[in-house]
Protein chains: 2
Amino acid sequence: MVETGTKSPRERYRTQVRAEIKERAWEQIATAGASALSLNAIAKQMGMSGPALYRYFAARDELITELIRDAYRSLADTFRAASESGPDHVALAHALRGWALDDPHRYFLIYGTPVPGYHAPDDITAIASEIMTTLLDACTALASGSPATPFETHLEGHRQWADGHPAPPAALRRALTFWTRMHGVLSLELAGHFTGMGFDPALLFAAELDDLPAH
Amino acid sequence: MVETGTKSPRERYRTQVRAEIKERAWEQIATAGASALSLNAIAKQMGMSGPALYRYFAARDELITELIRDAYRSLADTFRAASESGPDHVALAHALRGWALDDPHRYFLIYGTPVPGYHAPDDITAIASEIMTTLLDACTALASGSPATPFETHLEGHRQWADGHPAPPAALRRALTFWTRMHGVLSLELAGHFTGMGFDPALLFAAELDDLPAH
DNA sequence: TTCTTTCGTTATAAGTTGTAACGCAATGGA
DNA sequence: TCCATTGCGTTACAACTTATAACGAAAGAA
């Protein structure tokens, strides 16, 4: 095959059909959850027979993996956009919350109940570490130097996950805490555990954001 | 039917079979996840034909609801036991972590990705509020009186969820924060998001427990 | 025009949940 | 002891699902 520089019509068609399949898949996930995702139903919606979809995705799991990849990609882009005007963990927090509320199922595809035996491919973990780097940048901006707590001392000696990032221990700790606390509020809120309780989840989120380790 | 006081042989047999079905269900969930739970497979394991199970559980969802109920009940009992020697949120935290690590799938059945359209029956929400009451007792023990932060002021006027509990605003806030922060660490840990990162999740958990709002 | 690749089809296999109809066995009362 | 009722487990079946195989048609390349 000669190098055309632009995509062939066939490839254009193929990527377009793949995109439409993913769109329908997101719709289905939103109404019935990821576990109820049916390739047959998607095919019918698109006016073609069930097995036809297997030309585009080798298996149901491959489609879901692709959706997970897109979700990570989308979060990484959101973080990057929020960091455009400088490293700022408050901006990241609000971006994260907006992104999560925008499509809860997308959030749960990343941070929800894990499927036993499923392992994300390497390119997805690469996107995850891209997200972590953005977060570390923001947390480094405000953090001071030497470790002040036992856990920060522990982190100083266990920082493989920072992947060479020069963040001081306090920043490492701040990034981890940002992650777990924001996730703690968001995940319970999105799962509906706060509904009917009366208080405003947004205020709890803000309070937690305000209470992050200051150092 | 005459009131026998003790169960009839038939009822004893019935409850025993139901218990064995649930045991097999837990085993399946542990190896393949809740979404892959198969009534047929359970029946085969027990040496009987598929439809026989429908004498014991009207539908797959009813079995899962029963498992969720058992999970909540188990957590409530664990909390109660941890509170036996007086209200102590540190004891609750360690009990929670032990309970979660003991069976991650049981934890995710309660706090994992919600199933769209599923609503827990009233008796389950009653157990949930029993858990919350135990937590509020522990948080009241250490908290002072008047609200000190904007969010605590907000909680003072939105405390339906406390269900009449006389906890001061600082205790309400402490309870919510306990919940979201412990869940934030535990859920990410159990989902495997920390694996390969190098640090010790137990230390992060301890650090978060130590950092709870003090007031 | 001809060759080749790709696509969508139907047929089929092996699962799943759940219902229906039947027979057997155990329970409880006379 | 006998009998009627109740409950249990079975097979048969309907309507799904994922996934593979084999075939025909359409589209792109030479």
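Labels below follow one simple rule: chain letters A, B, ... track the order of the sequence lines, proteins then strands, and each chain is numbered from 1.
Between A:Arg18 and the choices A:Glu23, A:Glu66, A:Glu11, the salt bridge (charged side-chain N to carboxylate O under 4.0 Å, His left out) rule is met once, by A:Glu66.
No side-chain donor-acceptor contact under 3.5 Å links A:Arg24 to the backbone of A:Ala41.
Look at CZ on A:Phe57: it is 19 Å from C1' on D:dT17, rounded to the nearest Å. When the C1' atom of D:dT17 is taken as reference, atom CD1 of A:Ile64 falls 13 Å away, rounded to whole Å. Atom OH of B:Tyr54 is separated from atom C1' of C:dG18 by 5 Å (rounded to the nearest Å). Put simply, CZ on A:Arg60 is 15 Å from P on C:dT16, counting in whole angstrom units. Distance CZ (A:Arg18) to P (C:dC7): 11 Å, rounded to an integer number of Å.
A heavy atom lying under 4.0 Å from DNA chain D marks none of the residues of residues 22-46 of chain B.
When all heavy atoms of A:His154 and B:Asp200 are compared, the pair lying nearest together is NE2-N, 2.9 Å. The two residues A:Leu67 and A:Ala25 come nearest to each other via the heavy atoms CD1-CB, 3.9 Å. Considering all non-hydrogen atoms of both residues, B:Ala95 and B:Ala82 come closest at CB-CB, 3.7 Å.
Using a 4.0 Å cut-off between a side-chain N of Lys or Arg and a carboxylate O of Asp or Glu, B:Glu130 and B:Arg73 qualify as a salt bridge.
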TODO: Assign a letter to each nucleotide of nucleotides 1-12 of chain D from its 5' end: B, base within under 4.0 Å of a protein heavy atom; S, sugar-phosphate only; -, no contact.
DONE: -----BBBBBBB
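Within the structure, the salt bridge (Lys or Arg N to Asp or Glu O under 4.0 Å) test picks out the following pairs touching residues 188-198 of chain B (sequence neighbours left out): B:Arg97-B:Glu189.
Taking the six-membered ring where the residue is Trp, A:Tyr107 and A:His183 present parallel rings, their angle staying beneath 30° rather than reaching 60°.
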